[in-house]
Amino acid sequence: MNRLSAIRDDLATQWRRLGDRPGGVQLMEVCGTHTVAISRGGLRSLLPEGLRLISGPGCPVCVTDQSYIDQAAYLARELTDVTIATYGDMVRVPGALGSLAEARSAGADVQVVSAAHEAVALAARRPDRQVIFLAVGFETTAPATALAVQQARREGLGNFSVFTAHKLVLPAMRALLAQADVRIDGFLCPGHVSVITGWKAYEPLAAEFRRPCVVAGFDDEQILTGIAEILRQLAEGAPAAVSVYPPVRPEGNARAQEVMAEVFEVADARWRALGAIPESGLELREAYAEFDAARRFKLPTFESHDPPGCRCGDVITGRCLPTDCALFATACTPRRPVGPCMVSSEGSCAAYYKYHHRQAGKEQA
Amino acid sequence: MCLAVPAKIESIDGQKATVSLAGMRSDVVTSLTPEAKVGDYVLVHAGYAITVLSEQEARETFTILREMVQGSE
């Protein structure tokens with residue numbers, strides 16, 4: 001028997017041990033890369049009936065509050081001599097002032113970078129421009145931003161700043177459990193966020209809410225192993241934080257945590273659909289205030305709502321599946337996305353469109 | 001966006017390393033993995049090494065991530 005069938009057997013065994021549970025079992029993955037891997041592998045079809053996987057707020061672009069998207073477009077369009085440096089995923093997110101791609105077509109300078117230090121290098125090369133780096137992402141990505149800010153200080157770059165929307169996954173998981181209308185029996189925890197935080201970071205959550213928190217990697221075997229482990233914990237009534245993904249250490253990456261703490265302080269943050277969550281984001285410390293775009297530039301505030309008809313907010317909080325949204329694959333497609341979940345390659349809607357919609361042989365964009 | 005891939009360090013110059021990543025040469029920042037040495041495997045996210053992998057872990061992680069990298073082309 002190959003490894004995958006052994007894992008599937010174990011999963012089935014654990015499922016039987018659970019016995020009859022009214023309403024079945026609902027697990028949430030809180031990592032966009034998991035969302036994509038689950039759809040790509042067609043893993044939902046391998047699960048026993050009654051075991052459901054729902055997607056959570058695991059895609060950094062998707063959880064970014066709409067007002068931030070609009071403020072970024074404002075910075076790009078309205079200020080003179082400004083260059084926006086951003087990860088590629090942000091460029092096509094629609095907003096009240098249009099997307100950054102549209103801003104670029106209208107003459108704004110929007111440059112895609114694949115590493116934070118490329119934004120610093122851009123500022124060094126172009127002393128005549130104010131370079132603003134759009135710092136989005138979870139714990140995996142925030143240490144790189146912190147290093148970039150320290151690098152800009154070392155190099156004395158007065159024309160570099162970051163517009164931060166960094167988010168922390170753990171406080172969001174806590175907020176999700178507080179939603180009375182969404183049932184979450186266990187979490188499949190993000191592999192690469194956990195490389196930074198360590199798997200022990202989930203221990204308080206597992207203990208307080210009595211929910212299994214299992215860190216898994218990204219292939220079919222890893223995800224099914226993680227799910228089988230969650231079911232085993234549920235069957236034994238022993239929820240715990242564990243990792244089945246080899247690169248994840250109990251305590252995480254101490255140096256990365258240190259760098260993050262040097263540059264950032266934990267602050268309340270606004271999430272799409274979840275609203276303000278206490279201590280769920282990162283802001284630059286006072287000592288690095290000069291690199292904060294939000295303090296350097298005067299920014300208007302924008303409304304925090306999804307585009308009309310768009311259910312991205314419900315999708316990332318587990319309230320509906322992408323296919324439940326009336327716009328899915330009709331008005332909203334990867335080519336002409338209405339909401340961020342269809343824009344980002346890690347968005348649930350994009351994953352469903354790519355792997356399920358096409359298979360169903362429906363009309364394509 | 002939390003995509004990360006394993007790579008082998010070929011040379012180190014200060015806080016930067018040249019790695020071989022799926023057969024391609026690439027530069028990564030090693031400030032978050034000060035213990036990394038030439039010959040080590042690291043997991044690379046958005047241009048930064050985020051952890052050092054043992055050879056065994058690297059082998060397992062390569063397998064685990066192969067599908068992911070192929071799937072995100």
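A note on names: the letters A, B, ... follow the listed sequences, proteins ahead of strands, and every chain is numbered from 1.
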(request) Flag the one option from A:Ala254, A:Ala144, A:Pro143 with the top tally of heavy-atom pairs under 4.5 Å to chain B. (result) A:Ala144
(request) Could you pull out the closest heavy-atom pair between B:Ala46 and A:Ala115, with the gap in Å? (result) O-CB, 3.3 Å
(message) Minimum heavy-atom separation for A:Thr140 and B:His45, please, with both atom names.
(response) O-CD2, 3.3 Å
(request) For the pair A:Asn253 (side chain) and B:Leu32 (backbone), establish whether a donor and an acceptor sit closer than 3.5 Å, ignoring hydrogens and angles. (result) yes
(message) I'd like to verify something: which residue of A:Val113, A:Leu147, A:Ile196 has the highest number of heavy-atom pairs under 4.5 Å with chain B?
(response) A:Leu147
(message) Determine whether a donor-acceptor pair (N or O, by modelled atom type, separation under 3.5 Å) exists between the side chain of B:Tyr48 and the backbone of A:Thr145.
(response) no
(message) Surrounding CD of A:Glu258 (heavy atoms of other residues, nucleotides or ligands, distance under 6.0 Å), is the total greater than 12?
(response) yes
(request) Please round to the nearest 0.5 Å and tell me the distance separating atom OG1 of B:Thr33 and atom CZ of A:Arg255. (result) 10.5 Å
(request) List the steps and the verdict of side chain to side chain contact (heavy atoms under 4.5 Å, CB included) for A:His192 and B:Leu3. (result) CA-CA 7 Å; A:His192 293 148; B:Leu3 208 74; 5.8 Å; no
(request) Can you tell which part of B:Val52 gets under 4.5 Å to a heavy atom of chain A, answering side chain, backbone, both or neither? (result) backbone
(request) Give, as side chain, backbone, both or neither, the part of A:Ala116 having an atom under 4.5 angstrom from any heavy atom of chain B. (result) both
(request) State, with a plain yes or no, whether a side-chain heavy atom of B:Gln15 is found less than 4.5 Å away from one of A:Gln151. (result) no
(request) Could you tell me whether A:Arg8 atom CZ has more than 12 heavy atoms of other residues or ligands within 6.0 Å of it? (result) no
(request) Looking only at non-hydrogen atoms, find the nearest pair between B:Leu53 and A:Pro247 and report the distance. (result) CD2-CB, 3.5 Å
